[in-house]
**Student:** 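Could you have a look at this structure, given as structure tokens, before my questions?
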Amino acid sequence: MDLGLKGRTVIVCAASKGLGRACAEALAAEGVALVLNARSKDALEQTATEIAATYGVTVTPVAADIGSADGRAAVLAACPAPDILINNAGGPPPGKLKTWSEEDWVQALAGNLRAPAAMIAAVLDGMAARGFGRIVNITSSVVRHPIDMQGLSAAARAGLHGLVSTLVRDHVGRNVTINNILPGPFATDRLISNFTFRAKQQGISPEQALAARRAELPAGRFGDPKELGQLCAFLCSANAGYISGQSILIDGGAHPQIL
Ligand code: NAP
């Protein structure tokens, strides 16, 4: 299916690996020009080189912390008028209410609430003026289904969902959509680090913790980041202008709900 995105300009935040990279690759396959962001310069540049070579598109890496105002300014300087914005950042640390430090709270809100809010604020009016815009926020299934130890993630991301719900109607009439993707368990480094934490709590190995979780999943496997990338690309497609304000859970049926 041609998603009608050839030649569009795209910012993907937090995209040197994992879900952000998968979104970048799915969009690159559609012929967009990309600005990719992550903090570690070498890994980001390698990803940018690989995506440019694989898909024959322009990829500009911007090494910066998307949770900082300076970092966001650097990303926006490389792409001041994006057609598509994919908001993403590293997830907050697992833990319990009494264990998160002041700094944990500051970082979680900076990366998972302030960063996407500021990026949306920077691009929204321009998208509306040009008559096309697609914004996708990568959040988490935890917004809908509580996960023990992920309360800080839930707190920051629920704030973003609340904010977005108030913005959706402003510019949908100008073909600008905003949607959230809520990943369940996907096979990325983030998943492994979360299960390393959980394994330590339970006195088992990370491999045992991962195997136990996998066995619980109705799909019998973790999600492949490529599957999330394809969903993201579809939400960004030319014909998806009537889908806005949606929070789409992608979890292989892991979280039962009344449909
Ligand atoms: P990942 O594999 O660890 O990749 C994270 C990416 O984000 C890396 O490229 C990392 O590069 C970049 N990054 C992290 N913090 C950043 C920052 N402040 N500024 C710029 N770039 C930053 O993680 P993932 O699994 O793809 O997860 C992506 C998001 O989805 C996270 O918020 C995660 O909590 C959420 N999520 C994931 C799952 C899952 O199962 N994987 C489930 C639910 C929610 P640098 O470290 O070099 O910056």
Side-chain angles (χ1 to χ4, degrees), residues 1 3 12-30 47 51 54 86-95 112 134 136-158 160-161 164 177 179-237 240 243-259:
M1 185 174 17
L3 300 185
V12 188
C13 305
S16 63
K17 61 181 180 174
L19 304 180
R21 175 173 177 155
C23 293
E25 290 209 48
L27 289 162
E30 297 301 316
T47 295
I51 293 178
T54 305
I86 312 301
N87 279 317
N88 185 33
N112 299 109
R134 300 283 183 264
V136 175
N137 305 305
I138 309 295
T139 67
S140 172
S141 63
V142 76
V143 173
R144 217 171 264 174
H145 300 277
I147 304 172
D148 192 30
M149 300 287 186
Q150 294 293 341
L152 187 52
S153 173
R157 298 181 199 281
L160 177 63
H161 279 232
V164 164
T177 68
N179 292 291
N180 305 312
I181 294 180
L182 286 56
F186 274 78
T188 67
D189 288 357
R190 161 81 178 172
L191 185 86
I192 290 164
S193 76
N194 278 344
F195 275 85
T196 302
F197 180 89
R198 189 183 288 196
K200 211 169 154 191
Q201 303 277 312
Q202 296 172 346
I204 57 176
S205 72
E207 292 71 26
Q208 285 172 314
L210 280 163
R213 180 62 177 134
R214 192 184 293 112
E216 290 167 4
L217 295 172
R221 64 178 178 89
F222 296 113
D224 180 338
K226 284 184 186 153
E227 295 171 303
L228 188 143
Q230 293 298 324
L231 170 61
C232 178
F234 176 75
L235 289 174
C236 295
S237 64
I243 304 172
S244 197
Q246 299 305 303
S247 292
I248 300 175
L249 187 63
I250 173 167
D251 69 346
H255 301 98
Q257 55 190 339
I258 294 173
L259 298 173

**Student:** Please report the interatomic distance CD1(I181) to CG(L235), rounded to the nearest 0.5 Å.
**Tutor:** 5.0 Å
**Student:** Kindly compute the distance separating CZ (R134) from CZ (F234), expressed to the nearest 0.5 Å.
**Tutor:**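 Answer rounded to 0.5 Å: 10.0 Å.
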**Student:** Please report the C-alpha distance between V143 and S247 in whole Å, then the side-chain angles of each, then the deciding distance to 0.1 Å, and finally whether the side chain to side chain contact (heavy atoms under 4.5 Å, CB included) criterion is met.
**Tutor:** CA-CA 10 Å; V143 173; S247 292; over 6 Å; no
**Student:** Is a donor on one side and an acceptor on the other found under 3.5 Å between the side chain of D224 and the backbone of K226?
**Tutor:**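 Side chain of D224 to backbone of K226: a pair is present.
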**Student:** For the backbone of A15 and the side chain of N88, can you confirm whether one donor and one acceptor N or O come within less than 3.5 Å of each other?
**Tutor:** no
**Student:** Answer whether the closest heavy-atom distance between the side chains of M149 and Q201 falls below 4.5 Å.
**Tutor:**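 With C-beta onward as the side chain, the pair touches.
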**Student:** Using atom types as modelled and distance alone, determine if a side-chain donor or acceptor of R190 lies under 3.5 Å from a backbone N or O of L19.
**Tutor:**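 Absent.
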**Student:** Nearest 0.5 angstrom please: L191 CG to L210 CG, how far?
**Tutor:**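 Atom-to-atom, L191:CG and L210:CG are 6.0 Å apart.
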**Student:** Show the nearest heavy-atom pair for residues P256 and A254, with the distance to one decimal.
**Tutor:**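 Closest approach of P256 to A254: CD-O, 3.5 Å.
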**Student:** Test side chain to side chain contact (heavy atoms under 4.5 Å, CB included) on N87 and L160; report intermediate values, then the result.
**Tutor:** CA-CA 11 Å; N87 279 317; L160 177 63; 5.8 Å; no
**Student:** Locate the shortest heavy-atom distance separating V136 from C236; write the atom from each residue and the value.
**Tutor:** CG2-SG, 3.9 Å
**Student:** What's the separation between atom CD1 in I250 and atom CD in Q230, rounded to the nearest 0.5 Å?
**Tutor:**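 Nearest 0.5 Å value for the CD1-CD distance: 10.0 Å.
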**Student:** Treating T47 as the side-chain partner and S16 as the backbone partner, does any N or O pair qualify as donor plus acceptor under 3.5 Å?
**Tutor:**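 Between the backbone of S16 and the side chain of T47 there is a qualifying donor-acceptor contact (under 3.5 Å).
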**Student:** Between P92 and Q150, what is the shortest heavy-atom contact and its length?
**Tutor:**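 Of all heavy-atom pairs spanning P92 and Q150, the closest is O-OE1, 4.3 Å.
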**Student:** Is E227 salt-bridged to R221, cutoff N-O under 4.0 Å?
**Tutor:**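 Salt bridge between E227 and R221, a charged N being under 4.0 Å from a carboxylate O: yes.
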**Student:** Give, for atom CD of Q246 and atom OG1 of T177, the distance between the pair rounded to the nearest 0.5 Å.
**Tutor:**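 The CD atom of Q246 sits 10.5 Å away from the OG1 atom of T177.
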**Student:** Between the side chain of E25 and the main-chain N/O of C23, is any donor-acceptor distance below 3.5 Å?
**Tutor:**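 Side chain of E25 to backbone of C23: no pair is present.
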**Student:** At their closest point, which heavy atom of L182 faces which heavy atom of S140, and how far apart are they?
**Tutor:**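 Where L182 meets S140 most closely, the heavy atoms are CG-O, 3.4 Å.
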**Student:** Which atom pair, heavy atoms only, marks the closest approach of F186 to F222?
**Tutor:** C-CB, 4.3 Å
**Student:** Just by modelled atom types, is the G245 backbone N or O under 3.5 Å from a matching donor or acceptor in the N179 side chain?
**Tutor:**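 Yes; at least one donor-acceptor contact below 3.5 Å.
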**Student:** For the atom pair CG (L249) and CZ (R144), what is the distance rounded to the nearest 0.5 Å?
**Tutor:**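 Here the rounded value is 5.5 Å.
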**Student:** Specify the closest pair of heavy atoms between G20 and V12, including all atoms of both residues, with the distance to one decimal.
**Tutor:** O-CG1, 3.5 Å
